[in-house]
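Step one of this worksheet: look at the structure below.
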Amino acid sequence: MKFSLTESQSEIRQLANKILQEQVTEERLRSLDQCESGERFDRALWQQLASAGLLGIAIDEAHGGMGFDYFALTLLLEEVGRSVAAVPAVASLAGAAMVLTKYGSDTQQQQWLPAVASGESLLTVAFSEAMNSSDLTPHSMLATPADDGYILTGTKHYVPYAEHADGIIVSAKLSDNENILVVVEPGQAGVSFTAENTTTAEPQSALNLSAVNVPSSQVITQGNAADDAIQYGVNCLVTAYCSVQTGASDAALRMTAKYTSERKQFNTVIASFQAVAQRAADGYIDVECLRLCSQQAACLLSDKPADLDAQRAINDAVTMAKIWAGDTGHRISYTAQHLHGGTGVDREYPLWRFCLLLRQMEFSMGSSQQHLTDLGDRIADYSVAMS
Amino acid sequence: MNFHLTDKQCDLRDEFRAYFDKLMTPELVAELNQTTGEGGGPLYQAAMKKMGDDGYIALSWPEQFGGRGLSALEQYMFIEEVARAGFPFPFLTTESVGPMLRDHASERIKQEVVPGIVAGTCNIAIGYSEPDAGTDLASLKTRAVRDGDEWVINGQKMWTSLCHMADYVWLAARTDPDAPKHRGISMFILPTTAEGFSLSPVHTLGGVRTNATYYEDVRVPADALVGELNKGWKLITSQLNRERLALVNVGFFSQKYNVLVDWAQTTSLLDGRKVIDQPWVRTHFARIRSSLEALRLICYKLAWQMDSNELNMADASAAKVYGTELFVEIYRLAGEIIGQHSLLKRDSEDANIGATIENLYRTASIITFGGGANEVQRDIIAAAGLWMPIGSRMS
């Protein structure tokens with residue numbers, strides 16, 4: 001048990017914090033607010049992060065990255081949440097690049113990872129389907145074998161930055177007990193998008209594949225390995241949302257503490273009212289619970305699971321972190337808005353973007369209740385024992 | 001950052017667990033079940049003495065005092081195993097009062113009292129609260145006046161738990177009525193055999209007995225003063241963080257959770273389903289499990305902070321608030337899972353696992369205000385963790 005960062009982890013956190021706090025100014029966020037629907041993407045910032053090496057935190061040195069683990073990447077993600085930066089860090093770095101690093105072929109890694117690290121290419125992930133109770137088991141995206149590779153037909157939803165991406169990692173059902181994971185390129189025949197305008201205005205799309213021919217060179221993995229890869233990808237994405245949520249919750253709460261310490265009513269700062277201070281204190285506890293559960297999930301995900309029990313411990317830690325991400329995000333958002341009064345909803349004041357982000361993270365890849373249900377089923381199955 | 005125990009820590013846990021598995025004989029468990037978990041019976045006394053003989057009482061103490069010099073994290077793990085086993089270990093004596101006596105008492109007191117603590121033969125009750133001094137403890141009125149070579153003590157203490165089995169009272173008394181309230185308090189160690197000392201029982205909601213204690217011209221030698229004159233407040237507060245951490249130890253419920261899950265997996269409803277086949281029961285368990293996980297991490301982080309001298313006051317208070325309110329909530333959820341059988345006490349012939357929850361419910365009602373009322377803890381969090389200006393009441 002150790003709760004401090006190593007020196008290099010501290011440096012990554014400081015570097016990410018410095019760039020994002022300096023660059024993501026209110027002015028810059030406002031200009032992004034004016035963007036056309038589907039265009040809220042701070043490309044200049046993304047390139048700055050690339051130049052600083054931060055897009056390659058968890059990409060091998062052989063592919064132009066820093067060669068750190070997934071946990072180190074979540075330090076960047078927390079800062080992305082803290083700054084509400086409009087960048088595709090979760091989808092491209094925590095989702096797609098992690099999956100390719102662990103399960104991609106040498107050729108696929110060579111094709112994509114150096115370009116992701118340098119910011120030349122953007123990847124995204126398409127796991128989610130509408131009305132599917134689990135992101136682990138694709139139902140509406142179907143694959144059928146072809147002469148070379150597979151034909152994919154179906155629809156995925158909520159694909160982040162899909163129309164900006166150069167490659168999309170797609171999960172599909174091959175048969176009743178076999179799944180497949182492939183990379184689809186948007187220019188391929190039969191690929192189309194339907195824009196989905198989201199709460200935060202992060203660009204997302206439904207991805208429609210109509211008999212898209214996916215050659216075997218674009219197949220990442222299939223069979224049992226595909227299930228492992230999908231589980232790993234989902235774990236990396238869910239934990240990434242938890243890390244973003246940690247940063248955003250912490251920032252919104254601290255903004256609230258500062259505001260209530262300055263705002264006067266009845267001739268005194270409102271923070272001196274116990275009802276105000278105590279609600280903020282509950283927020284502090286919530287953020288701490290979320291932070292610790294997220295950090296644990298990120299650390300465990302960076303380990304190589306030795307056996308089934310270790311793999312279960314990882315899955316359970318991720319699920320528990322997302323339960324906290326949903327609950328904490330919801331409570332912090334309303335605490336922050338409420339204690340700010342009207343100022344909290346005024347778009348001239350920065351809180352509103354945090355509230356929207358907290359809501360989006362809460363519902364992305366499973367609400368608290370959905371994860372509670374999953375965890376409950378696992379408890380029935382193998383008890384998720386306390387050590 | 002690392003969320004795994006080291007090999008050495010795993011070994012230590014195994015050692016503690018094996019030790020308590022052996023210590024908790026069915027006879028001792030039966031005796032403890034009759035005393036609402038507060039100990040005091042002959043088998044409990046024998047177990048304490050055995051722990052003393054085995055060097056298991058003052059594990060966190062430095063080696064020269066008969067301990068093993070455990071780190072705060074290792075000590076947390078020890079308490080986790082004690083709590084898991086359900087042994088009513090007097091951790092306030094061993095972790096709080098004991099170290100203060102060891103480090104600050106006069107030579108005579110050190111010789112007379114400290115070896116008994118380490119040996120498991122000396123019991124100490126805590127005399128802090130008074131009828132009019134609870135959360136605002138520093139307003140206590142019990143007086144100690146110097147008279148020649150003695151101190152003369154007069155006053156009343158409240159909630160002096162375990163005092164009816166104690167050899168000494170660790171007493172906070174006012175020694176300078178003219179100083180600001182935090183600066184006129186001193187600490188004393190007072191034998192319960194002293195003339196002028198008396199007590200009457202107070203029976204609580206949960207069935208646990210506590211006491212009101214009375215001090216009428218009780219005379220103790222000058223060297224019964226512990227630490228510096230009028231510096232008692234600093235002594236009292238020096239161990240608070242450790243006390244808070246021990247109070248919310250996840251060990252109080254971790255094994256009970258495992259047992260309850262096992263029960264729900266194996267126990268059938270009349271319609272043929274297992275208890276755990278009910279969707280709401282699964283969600284309840286998931287709620288319990290994910291909340292306990294956060295508590296586990298909060299406690300380990302706090303213990304780690306103590307060892308690395310990075311203790312954040314807000315985090316200690318956060319642990320106290322979160323843990324105590326969580327236990328209250330968990331005991332409710334667990335009771336709901338078991339149903340009306342969770343109202344049956346242990347001595348009911350058809351009592352089941354619910355009797356544990358019945359017992360926990362009755363003893364948990366004090367934790368949110370005991371050890372520092374949660375409102376005050378939340379104020380500390382707002383001030384020390386979020387830099388919010390504290391309200392006028394605090395000044």
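By convention in this document, chain letters (A, B, ...) are assigned in the order of the sequence lines, proteins followed by strands, and residues within each chain are numbered from 1.
- There is no contact between B:V281 and chain A, counting heavy-atom distances below 4.5 Å.
- Only the side chain of A:E288 comes within less than 4.5 Å of a heavy atom of chain B; its backbone N, CA, C and O stay farther away.
- One N or O on the side chain of A:W324 and one on the backbone of B:S290 form a donor-acceptor pair closer than 3.5 Å.
- The contact between A:L300 and chain B is made entirely by side chain atoms (from C-beta outward), counting heavy-atom distances below 4.5 Å.
- With a 4.5 Å cut-off on side-chain heavy atoms, A:I379 and B:R282 do not count as touching.
- Annotation for B:R332: atom CZ does not count as buried by contact number, only 12 or fewer foreign heavy atoms lying within 6.0 Å.
- Heavy atoms of A:T260 lying under 4.5 Å from chain B belong exclusively to its side chain.
- At distances below 3.5 Å, at least one donor-acceptor pair connects side-chain atoms of B:R289 with backbone N or O atoms of A:V384.
- For the atom pair CD (B:E293) and CD1 (A:I323), the distance works out to 10.5 Å, reported to the nearest 0.5 Å.
- Considering only heavy-atom pairs separated by less than 4.5 Å from chain A, the leading option among B:Q9, B:R296, B:Q255 is B:R296.
- Proximity of A:M1 to B:M1: side-chain heavy atoms (C-beta onward) are nowhere separated by under 4.5 Å.
- In terms of heavy-atom pairs under 4.5 angstrom with chain A, the leader among B:W304, B:Y300, B:W387 is B:W304.
- Between B:A286 and A:L375 the shortest heavy-atom distance is O-CD2, 3.7 Å.
- Expressed to the nearest 0.5 Å, how far OG of A:S383 lies from OH of B:Y257 amounts to 6.0 Å.
- The CG atom of B:L297 sits 10.5 Å away from atom OG of A:S294, with the distance rounded to the nearest 0.5 Å.
- Within the 4.5 angstrom heavy-atom criterion, only side-chain atoms of A:D303, from C-beta onward, approach chain B.
- Within 6.0 Å of CD1 on B:I366 lie no more than 12 heavy atoms contributed by other residues, nucleotides or ligands.
- Closest approach of B:P389 and A:V269 over heavy atoms only: CG-CG2, 3.6 Å.
- When the candidates B:E80, B:H284, B:H4, B:R17 are compared by the number of heavy-atom contacts under 4.5 Å with chain A, B:H4 comes out ahead.
- Counting only heavy atoms from C-beta outward, the side chains of B:R378 and A:R279 never approach each other to under 4.5 Å.
- Nearest heavy-atom pair, A:A277 versus B:D379, reported as atom, atom and distance to 0.1 Å: CB-OD1, 4.3 Å.
- We find the CE-CG distance between A:M320 and B:L292 to be 9.5 Å, quoted to the nearest 0.5 Å.
- Residues A:S387 and B:R13 have side chains that bring a donor and an acceptor to within less than 3.5 angstrom of each other.
- By number of non-hydrogen pairs under 4.5 angstrom with chain B, the leading residue of A:T319, A:L253, A:D282 is A:D282.
- Smallest separation of non-hydrogen atoms from B:M388 and A:A257: CG-CB, 3.8 Å.
- Neither the backbone nor the side chain of B:E310 comes within less than 4.5 Å of any heavy atom in chain A.
- Heavy atoms from other residues, nucleotides or ligands lying under 6.0 Å from CG of A:N267 number 12 at most.
- Around atom OH of B:Y361, no more than 12 heavy atoms belonging to other residues, nucleotides or ligands sit under 6.0 Å away.
- The distance from the CZ atom of A:F71 to the CG atom of B:N2 is 10.0 Å, given to the nearest 0.5 Å.
- The structure places OG1 of A:T256 at 9.0 Å from CG of B:L386, a figure rounded to the nearest 0.5 Å.
- Within residues 315-322 of chain B, the residues having any heavy atom less than 4.5 Å from a heavy atom of chain A are, in residue-number order, B:D315, B:A318, B:V321, B:Y322.
- In the displayed structure, B:D7 atom CG is contacted under 6.0 Å by at most 12 heavy atoms of other residues, nucleotides or ligands.
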Inset, instruction - Would you sort out whether B:F3 and A:F3 count as a ring pair (Phe, Tyr, Trp, His ring centres under 6.0 Å), showing the intermediate values? - result: CA-CA 8 Å; B:F3 287 83; A:F3 292 88; 5.5 Å; yes
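- Using a 4.5 Å cut-off between heavy atoms, B:A314 contacts chain A through both its backbone and its side chain.
- Interface remark: A:C299 contributes side-chain atoms only to the contact with chain B (heavy atom separation under 4.5 Å).
- By the 4.0 Å N-to-carboxylate-O rule, A:D327 lies close enough to B:R287 to be salt-bridged with it.
- Heavy atoms from other residues, nucleotides or ligands lying under 6.0 Å from CD of A:E262 number more than 12.
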Legend entry - A:Q278 vs B:I381, side-chain contact (heavy atoms from CB on, under 4.5 Å): CA-CA, chis, key distance, verdict: CA-CA 8 Å; A:Q278 307 240 316; B:I381 295 167; over 6 Å; no
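- Most heavy-atom pairs under 4.5 Å with chain A: of the set B:I298, B:I276, B:N258, this distinction falls to B:N258.
- Not one N or O on the side chain of A:Q296 forms a donor-acceptor pair closer than 3.5 Å with the backbone of B:A294.
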